[in-house]
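Below is one structure, written out as structure tokens; comments come after it.
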Amino acid sequence: MIKLLKQMKKREWLMAIICMSLILGQIYFDLKLPEYMSTLTTLLNTPSSTVKDILMTGGEMLLCTIASAGISVFCGYLAARVGSGFSFTIREKLFNKVTDFGKKEIQHFSVPSLINRTTNDVSQIQMLVSGGLQMVIKAPVMAVWAIIKIVGKSKELSLITAGFVVFVLGIMTIIITVVIPRFKIVQKQIDKINLIARENLTGINVVHAFRAEKYQNEKFDVAASALMKTQLFNQRTFALLMPLIGLAMNSLALVIYWVGAIIINGIPAADVTARLAMFSEVVVFSTYATYVIMSIMMLVMIVMFLPAAQVSSQRINEVLCEDTDLIEGSETESNESGTVEFRNVSFRFPDSKENTLENISFKANKGETIAFIGATGSGKTTLINLAARFYDATEGEVFIDGRNVKDYSFDALYDRIAFVTQKAVLFAGDIKKNVLFGESREEKTDENAYDALSLAQAKEFVDNLSGGINSPIAQGGTNISGGQKQRVSIARALARKPEILIFDDSFSALDYKTDKALRKGLEENLSGVTRLIVAQRIGTIRNADKIIVLDEGKAVGIGTHSELMENCEVYREIAMSQLSENELK
């Protein structure tokens, strides 16, 4: 938690310090009230006192109360500002950190867990800071100050107060010891619920198609019930605290008055002054003792927030302190343009004992089209992910424009590359914003967007939309078809005007006519751009300058279509399963 608080900005620290300073003033005014009560008690029992004296003392009490209330309101405002500012800072750092994560780190934490850490966990910290900033200072200071006020006044009453304090602290310690470990379980259970809910929403069509609503509901009920049971135990345990402390506070007042009455009765009746002084002392002692228990009640409120916030802070720190495998280089320039080379590249995933790719070597020169084909799971997507440096090679080296990809700064590397993912991903907004997404080198104009859409064979359907290029896109592009999403995704890559275009099976949702028109447009308009294409259809890649056939992570064939038909059995089997002999000829 302390490590996380170091992320707080100077402005929040300044407001927190002002708030803590004002709290000391509030405590001073609060602890002055019992003294005025003692004075009032004495005045009311003194025959020579006047109404003016009583009103004067009452007026001073009223001023102290108003001052304390005013400071409390202002401190509450400052605490809220500190809490919200701190949570903003943490969320910003979390978002930026997660944005820099590679695929390995995303898979390590999981998407639902990262969402939970950015939302729920940060909210837990904000609640502690906003609610606890006042109490964490006020409670111990008030308790110590009140104890100083009553020390030496009465040995019997002091021992009674000490006994109640030890009792309350003992109960708090037991409850906290039992509950804190279970808060970590709660956060993991929330992660699981988020995972199930996310899966259900993402695959809602599959759920409906297979009539699996009952199955999904039962799966969700199991996770939700586990969370409910854990939370019920925690809340029921915490629910014991407040009644027990309230009982202790009221019992303490009763015992003090009872013992105080015995002490007063022990003073001779003739000694009216001593009896009156002792009565006033008992009243003041009772009030100060109540303040001590009230301070403990404040600590209890903090304790109710603290376990969850402590677990949340650990989870947030895990993300912020996670070292990313992809270390950014510093180079921005290169001697070549539009070249991609793999030299003896092998790769295995972090949790795997076997290589996914093994000893891959090839070079794509500027303007060439290199295609990759193979059975499902042969490593095609993994290979081009290495070219885009979503992962780093386990062995060997990957070169872009004659320089190792590890040497480039991320800006320099991704300025050279445009990547079209296997699954078309669109963002909420409109078509223009999606096409010009992240574009920094060219001015974001309609003309640039239209040129990219036209080349991606998407202009026709965009023109038919009521809003044209400004037509809205729902989250995930759910309001347009799969083929339309794919063409907009391709247009987004083309708008960057890169040196190297990477297509990860990005033509799969296109009909043959659109596929052919798109490939023809790329050849005519982007002859100087290097293209790496992963495809399943022979028709998409048969005219490539070089085709690399992958089988179980190994390159079993490299050459043109005609060469591979003669020399590569794997390629020939794929080709003959898709096309007739006449079509192949």
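Between the side chain of Tyr571 and the main chain of Ile558, no donor-acceptor pair closer than 3.5 Å is present. A side-chain donor-acceptor contact under 3.5 Å links Asn434 to the backbone of Phe427. Checked by atom type and distance alone, the side chain of Asp430 pairs as donor or acceptor with a backbone atom of Lys433 at under 3.5 Å. Without hydrogens or angle criteria, Ser130 side chain to Met127 main chain gives no donor-acceptor distance under 3.5 Å. Of the possible donor and acceptor atoms, none in the side chain of Thr230 sits under 3.5 Å from a partner among the backbone N and O of Val186. In this structure a side-chain-to-backbone donor-acceptor pair under 3.5 Å is present from Asn479 to Pro472. Within the 3.5 Å criterion, the main-chain N or O of Ala364 finds no donor-acceptor partner in the side chain of Thr339. In terms of modelled atom types and a separation under 3.5 Å, the side chain of Ser295 and the main chain of Pro140 share no donor-acceptor contact.
Counting non-hydrogen atoms of neighbouring residues, nucleotides and ligands closer than 6.0 angstrom, the CG atom of Asn96 exceeds 12 such neighbours. Atom NZ of Lys192 is surrounded by 12 or fewer heavy atoms from other residues, nucleotides or ligands within 6.0 Å. Within 6.0 Å of atom NZ in Lys366, more than 12 heavy atoms from other residues, nucleotides or ligands are found, so the atom counts as buried in its surroundings. Within a 6.0 Å sphere centred on NZ of Lys97, heavy atoms belonging to other residues, nucleotides or ligands number more than 12. Applying the 6.0 Å contact sphere to CD of Glu199 captures more than 12 heavy atoms from other residues, nucleotides or ligands. Enclosure of atom NZ in Lys219 by more than 12 non-hydrogen atoms of other residues, nucleotides or ligands within 6.0 angstrom is indicated. For Tyr215, the OH atom sits in a loose shell: 12 or fewer heavy atoms of surrounding residues, nucleotides or ligands are nearer than 6.0 Å. Around atom CZ of Arg537, more than 12 heavy atoms belonging to other residues, nucleotides or ligands sit under 6.0 Å away.
Distance CD/Glu341 to CG/Asn365: 9.0 Å, rounded to 0.5 Å. Rounding to the nearest 0.5 Å gives a distance of 4.5 Å between CD1 of Ile431 and CD1 of Ile473. Remark: Ile190 CD1 to Ile185 CD1 distance equals 12.5 Å, nearest 0.5 Å. The CD1 atom of Ile90 lies 6.5 Å from the CD1 atom of Ile316; values are rounded to the nearest 0.5 Å. To the nearest 0.5 angstrom, Glu499 atom CD is 9.5 Å from Ile400 atom CD1. The distance from the CD1 atom of Ile490 to the CZ atom of Arg492 is 10.5 Å, given to the nearest 0.5 Å.
Judged by the 6.0 Å and 45° rule, Arg182 forms a cation-pi pair with Phe233. Cation-pi check for Arg531 over Phe503 is not met; the charged atom does not lie both under 6.0 angstrom from the ring centroid and within 45 degrees of its normal.
Side-chain atoms of Thr369 and Leu522, non-hydrogen and from C-beta on, never get closer than 4.5 Å to each other. Using a 4.5 Å heavy-atom threshold, the side chains of Ile360 and Leu550 count as touching. Contact annotation: the side chain of Asn120 never approaches that of Asn194 to less than 4.5 Å [non-hydrogen atoms, C-beta and beyond]. In this structure, Leu195 and Val111 have side chains that are not in contact, with every pair of non-hydrogen atoms separated by 4.5 Å or more. Counting heavy atoms from C-beta on, the side chains of Ile500 and Asp401 come closer than 4.5 Å. Residues Gln486 and Leu518 form no side-chain contact, since every pair of their non-hydrogen atoms from C-beta on lies 4.5 Å or further apart. Taking the side chain as every heavy atom from C-beta outward, Phe362 and Leu383 approach each other to under 4.5 Å. Residues Arg519 and Ile533 form no side-chain contact, since every pair of their non-hydrogen atoms from C-beta on lies 4.5 Å or further apart.
If you check the side chains of Arg91 and Ser123, you find a donor sitting under 3.5 Å from an acceptor. Side-chain contact check for Ser361 and Asn344: at least one donor-acceptor pair (N or O, by modelled atom type) lies under 3.5 Å. Inspection of the Ser87 and Gln126 side chains reveals an N or O donor paired with an N or O acceptor under 3.5 Å.
Residue Ala474 comes nearest to Thr478 through the heavy atom pair CB-OG1, 3.5 Å, listed as atom of the first residue, atom of the second, then distance. Val207 and Glu213 make their closest contact through CG1-N, 3.8 Å (heavy atoms, listed as atom of the first residue, atom of the second, distance). Across all non-hydrogen atoms, the minimal contact from Leu501 to Ala493 is CD2-CB, 3.9 Å. In this structure, Ile574 and Gly374 approach most closely via the heavy-atom pair CD1-CA, 4.1 Å. Shown here for Ile193 and Ala224, the closest heavy-atom pair between the two residues is CD1-CA, 3.8 Å. The minimum heavy-atom distance between Glu318 and Arg117, with the atom names listed, is OE1-NH1, 2.9 Å.
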side-chain contact (heavy atoms from CB on, under 4.5 Å) between Met15 and Cys19, worked out: CA-CA 6 Å; Met15 285 192 289; Cys19 182; over 6 Å; no

Candidate pair Arg496 and Asp415, rule salt bridge (Lys or Arg N to Asp or Glu O under 4.0 Å), full reasoning: CA-CA 8 Å; Arg496 291 183 62 81; Asp415 276 345; 3.5 Å; yes

Val425 vs Ser489, side-chain contact (heavy atoms from CB on, under 4.5 Å): CA-CA, chis, key distance, verdict: CA-CA 7 Å; Val425 177; Ser489 296; 5.8 Å; no

Full working for side-chain contact (heavy atoms from CB on, under 4.5 Å) between Ser313 and Ile125: CA-CA 7 Å; Ser313 67; Ile125 303 295; 3.8 Å; yes

Worked check of side-chain contact (heavy atoms from CB on, under 4.5 Å) between Arg389 and Tyr408: CA-CA 10 Å; Arg389 211 192 169 197; Tyr408 285 112; over 6 Å; no

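Using a 4.0 Å cut-off between charged side-chain N and carboxylate O, Asp505 and Lys380 make no salt bridge.
In this pair, Phe109 and Phe101 present their aromatic rings parallel. The plane angle is below 30°, not in the 30 to 60° band.
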Side chains of residues 326-334: which donor-acceptor pairs under 3.5 Å do they make with residues two or more places apart or in other chains?
from	atom 1	to	atom 2	distance (Å)
Glu328	OE2	Phe410	N	2.9
Ser334	OG	Glu336	O	3.1
Ser334	OG	Arg416	NH2	3.2

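When ring centroids are compared, Phe419 and Phe390 come within the 6.0 Å threshold.
The ring pair (Phe, Tyr, Trp, His ring centres under 6.0 Å) test applied to Tyr391 returns Phe347, Phe349, not counting sequence neighbours.
No option in Leu114, Val319, Asp121, Thr119 other than Val319 meets the side-chain contact (heavy atoms from CB on, under 4.5 Å) test with Leu94.
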